[in-house]
Amino acid sequence: MANLLENDIIGTIGTQKYLCTISWRNGKLLMDEPESIDGKDLGPDPYTTLLASLAGCTLSTLRMYIDRKGWNIPEINISLNMSQETSSEFETSITRTITFSNDVDEETKKRLLIIAEKCPVSKILKGKISINTNI
């Protein structure tokens, strides 16, 4: 199975509690935890970053489709959050709400909902994931 990224994402943490530096192909991203759990809130937390990936992928996928169709939808907005149930089985539910800057008819909305579900990050999150960790 081929890697999706040319280069690995590299993460580093020093002695400052929760502050991580994530290096990607052209830059660095700080990740931190909120002050409510003793972080300094200097960057997004891991949950926010995960949802941001889904947001960015969904928006880009919709924009490509809308542009290809030549539809007049100048702005797409997305709102995401998630909840977890840990009682017997670990279950996570993500809510994703998509809105548009102008009126979009119901048939077009239904088609765009199908397209949103086809964004690559949606497919990853809904698919079988294995994490192979080495030390």
Side-chain angles (χ1 to χ4, degrees):
M1 189 174 342
N3 288 335
L4 294 177
L5 303 178
E6 264 182 58
N7 300 310
D8 291 350
I9 301 295
I10 306 295
T12 305
I13 190 168
T15 57
Q16 185 172 336
K17 195 173 192 179
Y18 306 132
L19 181 62
C20 301
T21 301
I22 310 299
S23 299
W24 53 284
R25 65 178 181 275
N26 290 327
K28 296 183 186 294
L29 167 70
L30 292 180
M31 290 180 63
D32 200 358
E33 293 290 347
E35 292 177 357
S36 62
I37 59 168
D38 295 331
K40 300 252 190 261
D41 214 7
L42 297 173
D45 60 87
Y47 294 126
T48 299
T49 306
L50 177 68
L51 291 179
S53 295
L54 180 58
C57 187
T58 302
L59 291 168
S60 295
T61 300
L62 289 173
R63 174 50 60 207
M64 284 187 277
Y65 186 81
I66 289 166
D67 289 352
R68 192 171 20 153
K69 291 292 189 179
W71 294 340
N72 179 26
I73 303 175
E75 187 175 292
I76 312 161
N77 301 291
I78 193 165
S79 172
L80 295 105
N81 211 325
M82 66 182 172
S83 58
Q84 292 180 318
E85 179 62 50
T86 57
S87 57
S88 60
E89 233 180 88
F90 195 80
E91 185 177 332
T92 303
S93 177
I94 297 174
T95 57
R96 173 173 54 182
T97 303
I98 301 165
T99 58
F100 307 99
S101 59
N102 57 339
D103 288 335
V104 176
D105 65 73
E106 288 304 312
E107 185 176 321
T108 302
K109 285 181 185 178
K110 286 178 186 175
R111 184 66 192 146
L112 291 173
L113 180 60
I114 292 167
I115 298 303
E117 294 294 330
K118 292 182 178 187
C119 94
V121 172
S122 285
K123 289 180 178 181
I124 289 170
L125 291 172
K126 290 179 178 185
K128 182 179 178 187
I129 298 174
S130 61
I131 300 174
N132 304 306
T133 304
N134 299 298
I135 294 182

### Query
Step by step, would you call Lys118 with Ile114 a side-chain contact (heavy atoms from CB on, under 4.5 Å)?
CA-CA 7 Å; Lys118 292 182 178 187; Ile114 292 167; 3.9 Å; yes
### Task
Check whether more than 12 heavy atoms from other residues, nucleotides or ligands sit under 6.0 Å from atom CD1 of Ile129, and answer yes or no.
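More than 12 within 6.0 Å, yes.
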[atom1] of [X] to [atom2] of [Y]: how many Å apart, nearest 0.5 Å?
{"X": "Cys20", "Y": "Lys28", "atom1": "SG", "atom2": "NZ", "value": "13.0 Å"}
{"X": "Asp32", "Y": "Thr48", "atom1": "CG", "atom2": "OG1", "value": "11.0 Å"}
{"X": "Ile73", "Y": "Asp103", "atom1": "CD1", "atom2": "CG", "value": "10.5 Å"}
{"X": "Thr97", "Y": "Asn77", "atom1": "OG1", "atom2": "CG", "value": "11.5 Å"}
{"X": "Asp41", "Y": "Leu30", "atom1": "CG", "atom2": "CG", "value": "11.5 Å"}
{"X": "Ile124", "Y": "Leu54", "atom1": "CD1", "atom2": "CG", "value": "10.0 Å"}

Check the hydrophobic clustering (I, L, V, M, F, W, Y; side-chain heavy atoms under 4.5 Å; chains of links allowed) and say if [X] and [Y] are grouped together.
{"X": "Leu125", "Y": "Met82", "result": "yes"}
{"X": "Met64", "Y": "Leu59", "result": "no"}
{"X": "Leu50", "Y": "Ile9", "result": "no"}
{"X": "Tyr47", "Y": "Ile94", "result": "yes"}
{"X": "Leu5", "Y": "Val121", "result": "no"}

Where is the tightest heavy-atom contact between [X] and [Y], given as atom of each residue plus distance?
{"X": "Thr92", "Y": "Gln84", "value": "OG1-NE2, 3.4 Å"}
{"X": "Tyr18", "Y": "Ile37", "value": "CE1-O, 3.1 Å"}
{"X": "Cys119", "Y": "Cys57", "value": "SG-SG, 3.3 Å"}
{"X": "Arg63", "Y": "Pro74", "value": "NH2-O, 3.3 Å"}
{"X": "Glu35", "Y": "Lys40", "value": "OE2-O, 4.0 Å"}
{"X": "Thr108", "Y": "Trp71", "value": "CG2-CZ3, 3.5 Å"}

Taking the side chain from [X] and the backbone from [Y], do they hold a donor-acceptor pair closer than 3.5 Å?
{"X": "Asn7", "Y": "Arg25", "answer": "no"}
{"X": "Arg96", "Y": "Asn81", "answer": "no"}
{"X": "Asp38", "Y": "Lys17", "answer": "no"}

### Query
So does Glu106 pair up with Lys109, basic N to acidic O under 4.0 Å?
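Looking at Lys109 together with Glu106, the answer is yes, because their closest N to O distance falls below 4.0 Å.
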### Task
Under the side-chain contact (heavy atoms from CB on, under 4.5 Å) rule, what do Tyr65 and Arg111 come out as? Steps first, then yes or no, please.
CA-CA 10 Å; Tyr65 186 81; Arg111 184 66 192 146; 2.9 Å; yes
### Message
Against Leu112, only a single residue in Ile98, Thr61, Ile66 fulfils side-chain contact (heavy atoms from CB on, under 4.5 Å); can you say which?
### Response
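Exactly one option meets the side-chain contact (heavy atoms from CB on, under 4.5 Å) with Leu112, and it is Ile66.
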